[in-house]
Novice: 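Following this message is one structure expressed as structure tokens.
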Amino acid sequence: QVQLVESGGGLVQAGGSLSLSCAASGRTFSTYYMGWFRQAPGKEREFVATISRSGGTTYYADSVKGRFSISRVNARNAVYLRMNVLKPEDTAVYFCAAGRAGVASHRLEEYDYWGQGTQVTVSS
């Protein structure tokens with residue numbers, strides 16, 4: 001089992017940047033692929049980015065491609081999301097998640113563990 005804790009959220013102006021971190025407990029972090037998802041008020045949780053166990057494979061939602069970057073440091077049990085050129089529509093609670101089966105995934109149901117989320121608010 002793994003526990004996930006996100007940090008780094010906050011309030012930023014449109015066009016600005018934020019970096020989110022997700023710290024994982026346990027010794028098996030490198031056996032999980034990781035993902036970032038977000039949920040805006042009144043909307044369903046949606047995929048943002050995912051990264052394979054080694055970090056060699058990444059996928060992004062079209063809405064963030066070219067602006068966001070996912071990375072991980074297995075030695076630190078951590079995964080990161082660098083967000084640039086933020087837009088008001090990026091406002092949401094951001095969650096990190098860990099999955100065991102597969103290489104990486106954009107599907108919520110394929111993740112086994114979730115963090116509690118961190119709020120990101122982008123003002124116009």
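Computation of the quantities below employed the complete heavy-atom set of this structure, encompassing side-chain atoms and omitting hydrogens, waters and symmetry-equivalent molecules.
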Novice: Between T91 and T121, is there a donor-acceptor pair closer than 3.5 Å when you use the side chain of the first and the backbone of the second?
Specialist: no
Novice: Once side-chain hydrogen bond (donor to acceptor under 3.5 Å, both in side chains) is applied, what residue pairs with a partner in residues 3-12 remain, sequence neighbours excluded?
Specialist: none
Novice: Nearest 0.5 Å, please: how far is OG1 in T28 from CZ in R53?
Specialist: 11.0 Å
Novice: Name all pairs fulfilling the disulfide bond (SG atoms under 2.5 Å apart) condition that reach into residues 36-86, sequence neighbours left out, sorted by first residue then second.
Specialist: none
Novice: Side chain of T50, backbone of G35: donor and acceptor closer than 3.5 Å?
Specialist: no
Novice: Would you say the side-chain atoms of N84 pair up with the backbone N or O of G16, donor to acceptor, closer than 3.5 Å?
Specialist: no
Novice: Could you name each residue pair satisfying disulfide bond (SG atoms under 2.5 Å apart) that touches residues 55-124, not counting sequence neighbours?
Specialist: C22-C96
Novice: What pairs of residues pass the disulfide bond (SG atoms under 2.5 Å apart) test when at least one of them lies in residues 37-91, not counting sequence neighbours?
Specialist: none
Novice: Can you give me the closest heavy-atom contact between S124 and P88, atom names plus distance?
Specialist: CB-CG, 3.8 Å
Novice: Using a side-chain heavy atom cutoff under 4.5 Å and only I, L, V, M, F, W and Y, what cluster partners does F29 have?
Specialist: V2, L4, V12, L18, L20, Y32, M34, W36, V48, I51, Y60, V64, F68, I70, V79, L81, M83, L86, Y94, Y113, V120, V122
Novice: Please list, chain by chain and in numerical order, all residues satisfying side chain to side chain donor-acceptor pair (under 3.5 Å) with S30, sequence neighbours excluded.
Specialist: none
Novice: Hey, what else clusters with F47 if you join Ile, Leu, Val, Met, Phe, Trp, Tyr whenever side-chain heavy atoms sit under 4.5 Å?
Specialist: Y33, F37, Y59, V93, F95, L108, Y111, W114
Novice: By side chain to side chain donor-acceptor pair (under 3.5 Å), which residues pair with Q13, not counting sequence neighbours?
Specialist: none
Novice: Which residues pass the side chain to side chain donor-acceptor pair (under 3.5 Å) test with S105, sequence neighbours left out?
Specialist: E110
Novice: I need the minimum non-hydrogen distance between L11 and S123, along with the two atoms involved.
Specialist: CD1-CB, 4.3 Å
Novice: A40: which residues meet the side chain to side chain contact (heavy atoms under 4.5 Å, CB included) condition with it, sequence neighbours left out?
Specialist: K43, A92
Novice: For R76, which residues count as a side chain to side chain donor-acceptor pair (under 3.5 Å) partner, sequence neighbours excluded?
Specialist: none
Novice: Kindly state each residue pair satisfying salt bridge (Lys or Arg N to Asp or Glu O under 4.0 Å) with at least one member in residues 81-100, sequence neighbours excluded.
Specialist: R38-D90, R67-D90
